[in-house]
S.K.: 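My structure is below; once you've seen it, I'll send some questions.
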Amino acid sequence: MNEIFLSPYNPQATEERIYKMWEESGLFNPDNNSKADAPVFTIIMPPTNANGSLHAGHGLVMTIEDIMVRYKRMQGFKTLWLPGLDHAGFETQVVYEKKLEKEGRSRFGMDPKELYKEIMEFTVTNSSNIKSQIKKIGASCDWSREKFTLDKEIIQTVYGTFQKLFDDGLAYRGNRIVSWCSKHQTSFSDLEITDVERIDKFYYLKYGPFVIGTSRPETKFGDKYVVMHPDDKRYSDFKDGQQIELEWINGPITATIIKDSAVDMEFGTGAMTITPWHDTTDFEIAMRHDLDKEQIIDEMGKLLPVAGEFAGMSINKARGLIIEKLQAKGLVEKIDDNYKHVVRTCYKCGTVIEPQIKSQWFIKMKPLAEKALEKINLGEVTYIPDHYKKITTYWLENIMDWNISRQIVWGIPIPAKICISCGHGIADINNEVSECTKCGGKMEQDKDTFDTWFSSGQWPFASLGFPESNDYKTFYPTDVMETAGEIIFFWVSRMIMLGLYMTGKTPFKTVYLHGLVLDAKGLKMSKSKGNVIDPLIITQKFGTDAFRMGMVIGNTPGTSLPLSEDKIKAYKHFANKIWNITRFVYTNAPNDELKKPTVTSDDEIILKELDILVKDVTKDMDSYKFYLAAEKLYHYVWHTFADKIIEESKAKLQSNDVAIISSAQYTLRYILETSLKLLHPFMPFITEEIWSNISSDKKMLMVSEWPK
RNA sequence: GCGCGAUUAGCUCAGUUGGUAGAGCAAUUCAUUUACACUGAAUAGGUCGCAGGUUCGAGCCCUGCAUCGCGCACCA
């Protein structure tokens, strides 16, 4: 009997020592943790923002993935959990810009190379922080295989993908309307846009013989087309292409009538003018009818010279003044003050997105999506929970081309040349192109970087060393992708598409999606609300094992998890209960006899019940019902093992019959050891600590055999 | 507008192929030098959102509705 059991369990004195022992053993590495011919199990960790600090969501990722990995490792699988860090392009750039702002500097006007170098240093310095925090949660990932999204080999893989997409005609340089944030000075994909419902004014303006409706009079300077539905009887006297003279904001103009069925006859007056440079619908109408497009608003959100006296003004300031002028000219029919509509905003800063026509790189998604849909429908990817499959297929069926150009420095530079005279773009990963294949003009290096998700979308095969390495051949395709349901489109769906495109295989067999971690009241955690629960404070206070139990119990996949200190506290008590059970068992049943004695029929029944539990828990683990497995174990250990079996054993241990005593002793020890094994994936620290003090087995619990 | 999810004890949630409603926390009562007060024994608490249907039998399957949450969408 070891003396450490005489005082209560002390996680602070245990966890660091145990993690170090695991790490030094090399058993996180699949080359060491299994037999050569063992079946393979692989999870690629979602690359963590290298600049981040561990939050509750990370705590959940690390807990669930570690449970899966420890379980499979104990079952003898050649188990790889590959950790990685993400440069997190735009996210990090925003953080760094705030830092610059505090120092009175700005990214605009800085030498891009210098800025990149600074952010790289910042990132490298911060990355040790997040790594040590991941270790605190007990993550048994193979640090020897750790990857960073800006590693040379990763960038080479990403470049290879871009070149192939270009050669196959799937990556193209398009002069198209993009979502532009005037604060961050970059374009976004559709996913980085948040729709916000707002109430604004809606203006009815006299436009020659028509009344047009608009919520954005500041875009109307260049409007010289008035569009109506071809079937609209109100306007049947006006012919397509007919020109009319009319008085507009800054004087007389000539307008052309266009008939297009995109116009909703029910809305407004059924007549509208269009601004193709700053509106998606208008852009499409202009493309259909081959109309002129003119920029009205610049990249900073200010009006251009076309606005005459309003030039240089921000659109917000100009709007009221323009209306005043129109009113003075008698061109305002009426104003509706209560117009409810949806405004597209930057997900990061809330600035209203100003669509702009820009020359950027796009990926044709339809062909990629069709392949993905085919595989998903064949059941080659299993979604947990199942309804994410529906959400995914719906998105894939309606997919739009993906703008992958970002006008920021922090990211993987796009390996392409752009023609100075005609704007044509050519992928050029070997830096060979100097002349435009279209017009013979001079080419210059594209200054943009890739959308972060373009590179992380290739993570499963890129991080394994596609296409030649042994790791790629051994571990790809991977088994489980476990991540937040929130990034199902951003990341999961794109990984499937790009994985299929490059490797011909879906990158993982199972997608396990967890929900958000909320505060005790069920509210989203945020710094501004001040309700953020820091997992590191929790683990410090209650122990990591208690934190992990709190993360997993009651947490069904896909649904959000309210987290309270009370809950974690309950599992701290549980950890101590296990500790005291051990004390009782090894005080009363020291492990000097190794042989199984003849077991009494009473104990036989008890052991049979344990067998049922083992079967039950194993089944739950195999079907990813960790919340059920953990709860069953908790209930068994506390309310069956401690409250019933141990209580009843007290009489048996007092018996005069040596056979009864040795049977009871054996039974207690056997149940304890089995419980420790079953609990290990959930509560790795305390179980390993107890194991190392009681077991005659020299093997670590981490690699001991899962009970059958 | 379209889609997805939720609705079960005071709170947070489980409930696997349909077979008499479960857990944790909270509450109430009792016990007390016990392996463990980070304890034990017990008690109370639910027309499973509403209305129909299928079935011998529905928390679960089907239809409709309500409320809440979320996602998607070019009505200027």
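Quick note: numbers below take in every heavy atom, side chains included, and nothing from hydrogens, waters or symmetry partners. Sequence lines set the chain letters: A, B, ... in the order given, protein chains first and strands last, and positions in each chain run from 1.
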S.K.: Roughly how far apart, to the nearest Å, are B:G59 and B:C48 at atom C1'?
M.R.: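 B:G59 and B:C48 have their C1' atoms separated by 5 Å.
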
S.K.: To the nearest angstrom, how far is A:Lys220 atom NZ from B:A76 atom C1'?
M.R.: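 The distance from NZ of A:Lys220 to C1' of B:A76 comes to 6 Å, rounded to the nearest Å.
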
S.K.: C1' atom, B:G19 versus B:G24: distance in rounded Å?
M.R.: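 The answer is 27 Å between these two C1' atoms.
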
S.K.: Send over the distance from A:Phe283 CZ to B:A76 C1', rounded to a whole Å.
M.R.: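 My rounded result for the distance is 17 Å.
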
S.K.: Round to a whole Å and report the spacing from CZ of A:Phe584 to P of B:A35.
M.R.: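 Interatomic distance, CZ of A:Phe584 to P of B:A35: 7 Å.
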
S.K.: Please tell me whether A:Phe547 and A:Phe542 form a close aromatic pair, meaning their ring centres lie under 6.0 Å apart.
M.R.: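 No.
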
S.K.: Within the structure shown, what part of the strands sits under 4.0 Å from A:His229 by heavy-atom distance: base, sugar-phosphate, or nothing?
M.R.: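 Touches nothing.
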
S.K.: Hey, is the side chain of A:Glu647 pairing donor to acceptor with the base of B:A41 inside 3.5 Å?
M.R.: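 Between B:A41 and A:Glu647, which were checked side chain against base, a qualifying N/O pair under 3.5 Å is absent.
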
S.K.: Answer with base, sugar-phosphate or nothing: what part of the nucleic acid does A:Lys569 contact at a heavy-atom distance below 4.0 Å?
M.R.: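 The residue A:Lys569 makes no contact with any strand.
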
S.K.: When the C1' atoms of B:G22 and B:A14 are considered, how many whole Å apart are they?
M.R.: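 Per the computed distance, 7 Å lies between those C1' atoms.
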
S.K.: Taking the six-membered ring for Trp, are A:Tyr9 and A:Trp579 parallel (under 30°), tilted (30 to 60°) or perpendicular (over 60°)?
M.R.: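 The arrangement is tilted - the two ring planes meet at 30° to 60°.
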
S.K.: Between protein and nucleotides 9-19 of chain B, what N or O pairs are separated by less than 3.5 Å?
M.R.:
{"residue": "B:A14", "atom": "OP1", "partner": "A:Thr556", "partner atom": "OG1", "Å": "2.5"}
{"residue": "B:G15", "atom": "OP1", "partner": "A:Tyr627", "partner atom": "OH", "Å": "2.8"}
{"residue": "B:U16", "atom": "O2", "partner": "A:Lys625", "partner atom": "NZ", "Å": "3.4"}

S.K.: Quickly work out the A:Tyr634 OH to B:C38 C1' distance and round it to whole Å.
M.R.: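 Going from OH in A:Tyr634 over to C1' in B:C38 covers 11 Å.
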
S.K.: Who passes side chain to side chain donor-acceptor pair (under 3.5 Å) against A:Asn377, sequence neighbours left out?
M.R.: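 With sequence neighbours excluded, A:Asn377 shows a side chain to side chain donor-acceptor pair (under 3.5 Å) to no residue whatsoever.
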
S.K.: Check the phosphate of B:G40 against A:His573, side-chain N and O only, distance under 4.0 Å to OP1 or OP2. Yes or no?
M.R.: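 False: A:His573 side-chain N/O out of range (4.0 Å or more) of B:G40 OP1/OP2.
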
S.K.: Using the ring pair (Phe, Tyr, Trp, His ring centres under 6.0 Å) rule, pick out the option among A:Tyr204, A:Phe238, A:Tyr225 that qualifies with A:Phe210.
M.R.: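 Single ring pair (Phe, Tyr, Trp, His ring centres under 6.0 Å) partner of A:Phe210 among A:Tyr204, A:Phe238, A:Tyr225: A:Phe238.
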
S.K.: Can you give the dot-bracket line for RNA chain B, where a pair is Watson-Crick or G-U wobble with both atom distances under 3.5 Å, crossing pairs use [ ], and | marks a partner on another strand?
M.R.: (((((((..((((.....[..)))).(((((.......))))).....(((((..]....))))))))))))....

S.K.: When you compare B:C25 with B:C38, how far apart are their P atoms, in angstrom units rounded to a whole number?
M.R.: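 Rounded to whole Å, the distance is 14 Å.
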
S.K.: Taking only N and O in the side chain of A:Lys389, is any of them less than 4.0 Å away from OP1 or OP2 of B:G5?
M.R.: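 Checking A:Lys389 against B:G5: no side-chain N or O falls below 4.0 Å of OP1 or OP2.
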
S.K.: Sticking with atom P, work out how far B:A9 lies from B:C70, rounded to a whole angstrom.
M.R.: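 Taking atom P in both B:A9 and B:C70, they lie 22 Å apart.
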
S.K.: Over all strands shown, is A:Ile646 touching base, sugar-phosphate only, or nothing at heavy-atom distances under 4.0 angstrom?
M.R.: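 Base, at least one base atom sits under 4.0 Å.
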
S.K.: I need the CG-C1' distance between A:Leu516 and B:G5, as an integer number of Å.
M.R.: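 Checked: the CG to C1' distance equals 13 Å.
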
S.K.: Taking N and O atoms by type only, does the side chain of A:Lys390 place a donor or acceptor under 3.5 Å from a partner on the base of B:C4?
M.R.: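 Answer is no: no donor-acceptor pair is held.
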
S.K.: So, for A:Trp402 and A:Phe362, is the gap between ring centers shorter than 6.0 Å?
M.R.: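 That pair fails the under 6.0 Å test.
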
S.K.: Can A:Lys358 be said to sit on top of A:Trp180's aromatic six-ring, NZ or CZ under 6.0 Å from centre and within 45° of the ring axis?
M.R.: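 Ring-cation test returns yes.
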
S.K.: For nucleotides B:C62 and B:U54, find the distance between their C1' atoms and express it as a whole number of Å.
M.R.: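 Between the two C1' atoms, the distance is 7 Å.
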
S.K.: Quick one: which residue pairs count as a side-chain hydrogen bond (donor to acceptor under 3.5 Å, both in side chains) with a foot in residues 565-577 of chain A, not counting sequence neighbours?
M.R.: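 Those involving residues 565-577 of chain A are A:Lys541-A:Glu565.
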
S.K.: Please tabulate the protein-to-nucleotide N/O contacts below 3.5 Å involving nucleotides 69-75 of chain B, giving atom names and distances.
M.R.:
{"residue": "B:C74", "atom": "O2'", "partner": "A:Thr281", "partner atom": "OG1", "Å": "2.9"}
{"residue": "B:C74", "atom": "O2", "partner": "A:Thr281", "partner atom": "OG1", "Å": "3.0"}
{"residue": "B:C75", "atom": "O2", "partner": "A:Asp264", "partner atom": "OD2", "Å": "2.1"}
{"residue": "B:C75", "atom": "N3", "partner": "A:Asp264", "partner atom": "OD2", "Å": "3.0"}

S.K.: Can you tell me how far C1' of B:A76 sits from CG of A:Asp336, to the nearest Å?
M.R.: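 Those two atoms, CG and C1', are 14 Å apart.
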
S.K.: Side chains of A:Thr219 and A:Ile297, heavy atoms from C-beta outward: is any pair under 4.5 Å?
M.R.: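 Yes, their side chains come closer than 4.5 Å.
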
S.K.: Quick check: do A:Thr275 and A:Lys293 have side-chain heavy atoms less than 4.5 Å from each other?
M.R.: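 Sidechains of A:Lys293 and A:Thr275: no contact.
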
S.K.: When the C1' atoms of B:C74 and B:A66 are considered, how many whole Å apart are they?
M.R.: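 These two C1' atoms come out 32 Å apart once rounded.
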
S.K.: Could you tell me how far apart A:Leu291 (CG) and B:A76 (P) are, to the nearest whole angstrom?
M.R.: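 Value for this atom pair: 20 Å.
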
S.K.: Parallel, tilted or perpendicular, judged at 30° and 60°: which one describes the rings of A:His639 and A:His635?
M.R.: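 It falls in the tilted class, 30° to 60°.
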
S.K.: Filter on side-chain hydrogen bond (donor to acceptor under 3.5 Å, both in side chains), then keep only pairs touching residues 482-497 of chain A, sequence neighbours left out; what's left?
M.R.: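 Sorted result for residues 482-497 of chain A: A:Glu482-A:His514.
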
S.K.: So what does A:Val227 touch, heavy atoms closer than 4.0 Å: a base, only the sugar-phosphate, or nothing?
M.R.: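 Nothing: the residue A:Val227, judged by heavy atoms under 4.0 Å, touches no strand.
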
S.K.: Sticking with atom P, work out how far B:G10 lies from B:G52, rounded to a whole angstrom.
M.R.: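 Rounded to whole Å, the distance is 25 Å.
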
S.K.: Within the 4.0 Å heavy-atom criterion, would you say A:Ala642 contacts the bases, only the backbone, or no part of the nucleic acid?
M.R.: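 Answer is base: heavy atoms of A:Ala642 come under 4.0 Å of a base.
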
S.K.: Here's a test of your reading of the structure: between A:Asn588 and A:Arg216, which maps to the more 5' nucleotide of RNA chain B?
M.R.: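 Nearer the 5' end of the strand: A:Asn588.
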
S.K.: Please examine the side chains of A:Met265 and A:Arg234, heavy atoms only from C-beta on, and report whether any two atoms are closer than 4.5 Å.
M.R.: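 Answer yes - side chains close enough.
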
S.K.: Out of B:A35, B:U39, B:C38, which has the shortest distance to the side chain of A:Pro8?
M.R.: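 From the listed options, B:C38 comes nearest.
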
S.K.: Once you round it to whole Å, what is the distance between C1' of B:A76 and CG of A:Asp200?
M.R.: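 It is 13 Å, rounded to the nearest whole Å.
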
S.K.: Would you call A:Asp603-A:Lys652 a salt bridge at under 4.0 Å N-O?
M.R.: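 Between A:Lys652 and A:Asp603 there is a salt bridge, with a charged N closer than 4.0 Å to a carboxylate O.
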
S.K.: To the closest 0.5 Å, what do you measure between CZ (A:Arg548) and CD1 (A:Ile538)?
M.R.: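 These two atoms lie 15.5 Å from each other.
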
S.K.: Select base, sugar-phosphate, or nothing to describe what A:Gly485 touches, counting heavy atoms under 4.0 Å on all strands.
M.R.: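 Counting heavy atoms under 4.0 Å across all strands, no contact is made by A:Gly485.
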
S.K.: Nearest to the side chain of A:Asp643 - B:A76, B:G40, B:G24?
M.R.: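 The listed nucleotide nearest to A:Asp643's side chain is B:G40.
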
